[in-house]
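Each remark here refers to the structure printed beneath this line.
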Amino acid sequence: MSTKVMPLELIDKCIGSRLWVIMKNSKELCGTLRGFDDYVNMVLDDVTEYTMVDGVKEKTKLEQILLNGNNIAVLVPGGDPEA
Amino acid sequence: MSELAASKPETTEDNNNDNDSLTPSTFLKTVLGRPVTVHLSSSSRYTGILSCLDGYMNIAMEQTEEYEGGQLKAKYGDVFIRGNNVMYIATEKKIK
């Protein structure tokens, strides 16, 4: 019967583990999910930000961020694309 | 600050606040007065002391430095950033 998994339930299961976030604007972030709200604004720890600059991936490390849910396209549980 | 927190649109209390999760609303309450970096979707960056913010991520900052492409463009005493432009707010030290 209840084998359905609601999208936000899936994200809730990711709290405490690594999460790969792909943004609408060809930016990507990887971090440990600390929490989120109904808009999927998220608090992430130990974040690596990947930005495409002239076809080259640029990395930035961030201690902790509150990410606006507005620009999020895809969430991938498990984490880093290159780890 | 409590009325600010009460006026925000999120209804976060139903998300697992019982465990050690740090929801956006708790984050917002804790970052006040801290040094932060605000990244806008236009890829410009503002660093300064966070003096005030709300659930729309509207932000008031002090001692603000504006960076564009990693280069310091301007310094402001006070700055207001409309929330829709904010991509993320980064703190320099973790909130537990």
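Naming: A, B, ... by sequence-line order, numbering from 1 per chain.
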Nearest-0.5 Å distance that lies between atom [atom1] in [X] and atom [atom2] in [Y]:
X: B:F27; Y: A:R34; atom1: CZ; atom2: CZ; value: 10.0 Å
X: B:I89; Y: A:L66; atom1: CD1; atom2: CG; value: 5.0 Å
X: B:T30; Y: A:Q64; atom1: OG1; atom2: CD; value: 8.5 Å

Report which part of A:M23 has an atom under 4.5 Å of a heavy atom belonging to chain B: side chain, backbone, both, or neither. side chain
A:K24 versus chain B, heavy atoms under 4.5 Å apart: side chain, backbone, both or neither? neither
So which heavy atom on A:G35 is nearest to which on B:P24, and how close? C-CD, 4.1 Å
Residues that A:D46 engages under salt bridge (charged side-chain N to carboxylate O under 4.0 Å, His left out), provided they are two or more places apart: B:K94
Applying a strict under-4.5 Å side-chain criterion to I, L, V, M, F, W and Y, I'd like to know whether [X] and [Y] cluster together.
X: B:Y67; Y: B:M61; value: no
X: B:L32; Y: B:V36; value: yes
X: A:L10; Y: A:F36; value: no
X: B:L53; Y: B:Y76; value: yes

Counting only heavy atoms not in B:R82, do more than 12 fall under 6.0 Å of its CZ? no
CD (B:Q71) with more than 12 external heavy atoms under 6.0 Å: no
Residues forming a side-chain contact (heavy atoms from CB on, under 4.5 Å) with A:V47, sequence neighbours excluded: A:L29, A:L44, A:L62, A:I65
Looking only at heavy atoms, which of residues 38-47 of chain B get nearer than 4.5 Å to chain A? B:H39, B:S41
Between side-chain atoms of residues 67-75 of chain A and protein atoms elsewhere (two or more places apart, or another chain), which donor-acceptor pairs fall under 3.5 Å?
unit_1	atom_1	unit_2	atom_2	d
A:N68	OD1	A:N70	N	3.2
A:N68	ND2	B:V86	O	2.8

